[in-house]
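So the structure is just underneath, and the comments pick up after that.
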Amino acid sequence: MKITFMGGTGMVTGSSYLVETEHCTFLLDYGLYQGGKEEEALNLEETTFNPAEIDFVILSHAHIDHSGRLPLLVKQGYTGPIYTTKPTADLSEIMLLDSAKIQEQDVEWENKRRKRSGKPTIEPLYTTPDAERALRHFVPQFYNTQVYPHETVRLRFQDAGHILGSAIVELWITESEGTMKLVFSGDLGMPDKPIIRDPSYIESADYLLMESTYGNTVHESQTEAFTRLMQIITETAHKNGTVVIPAFSVGRTQELIYEMNEWYENAHLPEEQRIPVYVDSPMATRATEAFCQNSIFYDDEAQALIRSGDNPFAFQNLHFTKDVEESKMLHKNNFPRVIISASGMATAGRVRHHLKHNLWRENSAVVFVGYQAEGTLGRILLDGTDEVKLFGEEIAVKAHIENVDGFSGHADQPMLLDWVDHFQRKPKKVFLVHGEADEMMPLADKLRERYDGMEVLTPRRFETVELRVPKDSVIRQPDPETLKKELEMQYEQVLADMGGIRSIREEVAKELTPVEYEAMRQKLMQIQADIMDVKMLIGD
Ligand SMILES: [Zn+2]
């Protein structure tokens, strides 16, 4: 088997790894390069393989740096399936359509300029129809079940605890010499995060591709981070200022709402402390809806909260802005408020408008709650600067700039080491990916120090490694008992999914307007149609 490291090497974006076995060829992730102009130019580079010859794709999670080039792959001739988890399939729909729109808008703007200067126009990386076509290739799976994308490849997803739907990919690959096990960590999360489950431990691997985003960092605890965030909000409110929180629309925004819901609903706060919180990102609004539809994948705590009747994504002082007009209104009058807006690294989106209107204000605050890649406006602000350029205007930076990194969706060094510790049979070779050098290299040293005989490598872009079935390989085909257990688990999962239908009982019982009535009727008709399909499937 050969692995070629196509992206996510010594950097945190462009995740993609090409695996060629004796019998088939597949991709692990196919993400966009993000950051500054230099990184983005990599998206336009010719592929070194023929997309039409790829047999299948496995997607670890919905983040655009892992999924964002899939529409391009389909545009270039890829026709096979894209295996991923069900929540990832749902969230990818939002992310890829949004990404296509950004590509189209960027090019439209650029072409206007080019036309004026008499230069030839350019094509977007991909369009909305390309993204729609890519989405039709998705084959959603549940966690902890096995699927054979090829007769010589067995695949199983385990929860990576990074965002809803995120997966660790386990692969059993059979070649003439026998079977070897390859594990791809995807992006690993921290334990005890709101809503999502803790990262799963993996029993064994021959070869491991592991992320290293925070390979040299120890995060503050999430509870401390959240307390600090609420402190900044209270202090800024006293100064009559605005708190701008650039946050990823999918994942981080829902986590913040979830935590704030708990804070505002339980704390018996005086009325004046319930300052308005605006979520100003159409994509975050849609993603929050997708979260609601995937509650069976939540951790126990979040599921219990829902059973108790609390909607974790709603509290009295929370508002989702409906349109651009309402978004603009947020700059008009001066009262303390919190604005959660995307993008998370302030590279695009409405948050740039909010930064333009608040960076120069001494009484405002900008709080970063996620990773800021090199070259992004987020990183520039965090590193410290007196002035930035936004929409062609010089904006002074007077606002209080804060980094609250305890929310990180990525495992820190102690967590990454703990995760490797839990392999009962340790990988022979570990390839560190998805990390910048100053985070990745110290982790490589730590791993070498800790595990005698473990080879730890930090591959360069386009480097190819050849991996063979280890001589002492103990992997065999799964025994019938394991298979039976898995079928039983899957059956239980089907029953649990059906139970989800009951959750709309309350909606049905509500007082409805004619429009809501029609929407509800359509929803029920869709369910009836789907049940008919199920009946056909089981021959009922
Ligand atoms: Zn991610």
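Every value quoted in this text rests on a predicted model; they were computed, and no experiment measured them. One is the number of the first residue; the rest follow in order along the sequence. When a ligand or atom number is given, it counts from 1 through the structure's own listing order. Heavy atoms only: backbone and side chains are in, while hydrogens, waters and symmetry mates are out.
- Judged as a side chain to side chain contact (heavy atoms under 4.5 Å, CB included), and not counting sequence neighbours, the contacts of Asp90 are Lys86, Asn294.
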message: Evaluate Val279 against Thr288 for side-chain contact (heavy atoms from CB on, under 4.5 Å), listing each step before the verdict.
response: CA-CA 11 Å; Val279 174; Thr288 307; 5.9 Å; no
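- Partner of His410 under the ring pair (Phe, Tyr, Trp, His ring centres under 6.0 Å) criterion, chosen from His434, His219, His61: His434.
- Ordered by chain and number, His61 NE2, His63 ND1, His162 NE2, Asp187 OD2 make up the set of protein N, O or S atoms under 2.8 Å of the Zn ion (ligand 1).
- Defined by atom type and a distance below 3.5 Å, a donor-acceptor pair is present between the side-chain atoms of Thr128 and Glu104.
- If you check the side chains of Asp187 and His63, you find no donor sitting under 3.5 Å from an acceptor.
- The number of heavy atoms from other shown groups lying within 6.0 Å of NZ (Lys446) does not exceed 12.
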